[in-house]
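Everything on this sheet refers to the single structure shown next.
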Amino acid sequence: MSQLVVKRQFQSLIITGICATVLCFIATCVYWPIWGTAAKAIAGAMGGHALQLVDAKTAAKYISVIAEASFFWLVINAWIWQTLIFGTYGKTRWTERQPWAGLWYSAVGLISGTIGFLVIVGFLGIWWKPFSLSTLFNPQTVEEIHLAIEGWEASNFYALTVIMVQIPFVSLFQKFPFAGNIKAPWDGFGVFMSATVAALLVWFATRIPSFMKLSIGEHIIVSQPMGSWATFVAWCQGFIFFLLIPAEGGELYPIKLFAKKQPLMGLSGLVLAFVFGFLARAVLRPFVAAFDLLPGMPVDLAVASLILSCIVAMLMWHHLFDDFPKADMVPNQAARVLIRIAIWIVLGMFLGIIWLKTFKMLPFGGNTEFGWPVMGILAGQFAFLMAVLYFNAFFDKWPLVRKIKA
């Protein structure tokens with residue numbers, strides 16, 4: 001039986017990464033208009049008569065949150081579950097050849113994301129009107145349109161909760177206590193169920209009060225975390241940046257400095273990430289305010305965007321540039337990790353400033369001239385990032401890297 005061997009189009013990791021980055025950017029400019037146009041058509045059909053009763057801004061908002069929901073649940077959540085929690089289990093079930101394995105696994109992602117949405121949001125919707133599937137998908141009145149928008153926004157940012165809560169089970173806790181004790185895919189199932197319980201608690205505690213105006217009589221019964229969504233999401237990005245470091249090129253640093261075994265490694269990582277969220281915002285905010293990088297918008301929103309750009313740079317460097325430099329290039333582990341961190345921050349800030357100045361021109365960022373919904377200053381970066389993550393994890397960098405018969 002013939003074996004498959006890996007053949008790279010370019011031997012240089014840097015050249016491969018640059019070419020992959022360009023391909024992912026082009027792919028984002030192509031796939032998002034298709035995705036956004038399809039989402040607009042579906043949302044317009046679902047909203048039907050009710051969309052004619054509201055102003056154009058509200059109607060556009062309803063369409064936009066549905067476009068985001070489909071992307072967050074079917075693409076972002078699905079990738080995290082399949083790749084990080086289940087370790088791409090089943091990707092090569094039918095074939096190892098690309099792009100067929102990647103297409104198969106992308107289809108699995110669409111299905112798993114849909115099931116996740118229907119189970120979590122659909123169950124809540126039995127009693128919560130904003131999460132009712134009939135309200136979300138087929139509003140009949142102006143009131144239901146507004147309820148649907150609140151429901152969609154709150155459910156959409158379950159994705160941010162998945163990133164902040166479920167990823168640490170892998171990046172910080174290394175799937176403790178399931179890894180090594182249970183065979184795949186059941187170790188992933190154990191992590192998934194445990195992480196989902198934690199994610200639901202955090203989602204109810206932080207995301208729902210961020211988007212829903214809940215009251216009993218005249219009494220408002222919720223308040224936004226940290227006073228505003230912009231401030232809270234800036235802290236979230238700092239938290240996410242730090243929790244990714246050990247698994248995305250940090251070689252388990254810096255948590256190895258504080259503990260050697262689980263779950264102490266994971267717990268120390270959570271504490272450090274919590275603190276780093278505040279520290280990153282405190283360091284960046286004066287500079288962002290001084291240079292007025294996002295005129296007319298909250299300063300913390302620009303801070304969140306810049307930190308997110310550093311996250312994109314980190315993940316791009318890990319997935320497309322293969323954590324350059326490798327151990328054979330820089331044998332000293334501390335030096336190697338510090339070089340990578342410097343690259344993430346310098347490249348991230350550079351890309352982040354460019355993004356702030358250009359996202360309104362991009363067909364997936366803020367350019368609404370073509371008629372399809374766009375993702376905006378924060379989610380727009382995820383549109384590109386997911387192309388990066390799918391390109392590596394699902395498609396194995398095909399066609400830049402190919403598996404051919406020996």
Side-chain angles (χ1 to χ4, degrees), residues 1-31 75 79-80 82-84 86-109 170-171 184 244-252 309-333 335-348 350-351 381-406:
M1 183 175 180
S2 61
Q3 294 182 335
L4 297 177
V5 296
V6 175
K7 181 180 180 181
R8 301 176 67 93
Q9 297 294 336
F10 308 100
Q11 294 305 309
S12 170
L13 298 181
I14 297 297
I15 294 176
T16 299
I18 292 172
C19 292
T21 301
V22 172
L23 286 177
C24 289
F25 179 78
I26 293 172
T28 308
C29 292
V30 172
Y31 90 77
V75 177
W79 184 88
I80 292 171
Q82 291 171 260
T83 304
L84 300 184
F86 284 94
T88 63
Y89 182 85
K91 185 178 80 171
T92 57
R93 178 179 178 83
W94 306 111
T95 179
E96 292 187 16
R97 299 293 296 270
Q98 294 290 6
W100 313 117
L103 292 171
W104 145 252
Y105 218 50
S106 297
V108 172
V170 180
S171 65
L244 288 172
I245 291 176
E248 301 294 330
E251 301 183 23
L252 289 182
S309 295
C310 291
I311 295 171
V312 171
M314 176 198 296
L315 293 172
M316 188 172 67
W317 206 256
H318 178 69
H319 288 271
L320 302 186
F321 292 82
D322 294 314
D323 284 330
F324 180 92
K326 309 294 281 186
D328 59 339
M329 302 173 187
V330 181
N332 184 279
Q333 188 180 46
R336 187 167 66 245
V337 171
L338 288 174
I339 289 171
R340 290 173 188 159
I341 293 175
I343 291 171
W344 303 337
I345 295 175
V346 173
L347 179 62
F350 174 74
L351 294 176
Q381 294 198 62
F382 277 100
F384 167 72
L385 177 59
M386 295 316 299
V388 169
L389 299 180
Y390 270 63
F391 183 64
N392 180 56
F394 285 12
F395 289 90
D396 302 320
K397 297 191 186 71
W398 182 90
L400 297 180
V401 178
R402 295 174 179 267
K403 291 182 178 180
I404 59 176
K405 290 183 178 180

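Taking the ring pair (Phe, Tyr, Trp, His ring centres under 6.0 Å) definition, one finds that Phe86 meets it with nothing, sequence neighbours left out. Under the salt bridge (Lys or Arg N to Asp or Glu O under 4.0 Å) criterion, Arg8 pairs with Asp322, sequence neighbours left out. The side-chain hydrogen bond (donor to acceptor under 3.5 Å, both in side chains) check on Gln381 picks up Ser305, Ser309, with sequence neighbours excluded. With sequence neighbours left out, the side-chain hydrogen bond (donor to acceptor under 3.5 Å, both in side chains) criterion links His318 to Glu248, Asp323. Partners of Glu251 under the salt bridge (Lys or Arg N to Asp or Glu O under 4.0 Å) rule, at least two apart in sequence or in another chain, are Arg336, Arg340. Judged as a side-chain contact (heavy atoms from CB on, under 4.5 Å), and not counting sequence neighbours, the contacts of Phe350 are Ile354.
In this structure a side-chain-to-backbone donor-acceptor pair under 3.5 Å is present from Trp104 to Gly90. Looking only at distances, no side-chain donor or acceptor of Ser171 sits under 3.5 Å from a matching main-chain atom of Leu244. Between the side chain of Tyr105 and the backbone N or O of Thr92, no donor-acceptor pair lies under 3.5 Å. Between the side chain of Lys397 and the main chain of His319, a donor-acceptor pair closer than 3.5 Å is present. For Thr88 (side chain) and Lys91 (main-chain N/O), no donor-acceptor pair under 3.5 Å exists by modelled atom type. In this structure, the side chain of Tyr31 engages the main chain of Ala383 through a donor-acceptor pair within 3.5 Å.
Looking only at side-chain heavy atoms (C-beta outward), Phe384 and Thr21 come within less than 4.5 Å of each other. Between Trp100 and Trp94, the closest side-chain pair of non-hydrogen atoms is not below 4.5 Å. Counting heavy atoms from C-beta on, the side chains of Trp79 and Leu84 come closer than 4.5 Å. In this structure, the side chains of Leu400 and Leu23 come closer than 4.5 Å at one or more pairs of heavy atoms. Using a 4.5 Å heavy-atom cutoff, the side chains of Leu351 and Val312 are not in contact. Between Phe382 and Val75, every side-chain heavy-atom pair lies at or beyond the 4.5 Å cut-off. Side-chain atoms of Ile311 and Trp344, non-hydrogen and from C-beta on, never get closer than 4.5 Å to each other. Looking at Met314 and Ile245, their side chains come closer than 4.5 Å, going by heavy atoms from C-beta outward.
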Could you walk me through whether Val401 and Val6 pass the side chain to side chain contact (heavy atoms under 4.5 Å, CB included) test, one step at a time?
CA-CA 7 Å; Val401 178; Val6 175; 3.5 Å; yes
Query raised in the report: Going through the distances and angles, do Phe324 and Ile339 end up as a side chain to side chain contact (heavy atoms under 4.5 Å, CB included)?
Result: CA-CA 9 Å; Phe324 180 92; Ile339 289 171; over 6 Å; no
I would like to know whether Cys19 and Ile15 meet side chain to side chain contact (heavy atoms under 4.5 Å, CB included); could you show each step before the answer? CA-CA 6 Å; Cys19 292; Ile15 294 176; 4.2 Å; yes
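Phe391 contributes atom CZ, which lies 13.0 Å from atom CE of Met316 (distance to the nearest 0.5 angstrom). With rounding to the nearest 0.5 Å, the separation of CG in Leu315 from CG in Leu320 is 9.5 Å. Leu389 contributes atom CG, which lies 9.0 Å from atom SG of Cys24 (distance to the nearest 0.5 angstrom). With rounding to the nearest 0.5 Å, the separation of CG in Leu338 from CD1 in Ile343 is 11.0 Å.
In terms of heavy-atom proximity, Cys310 sits nearest to Ile345 at SG-O, 4.1 Å.
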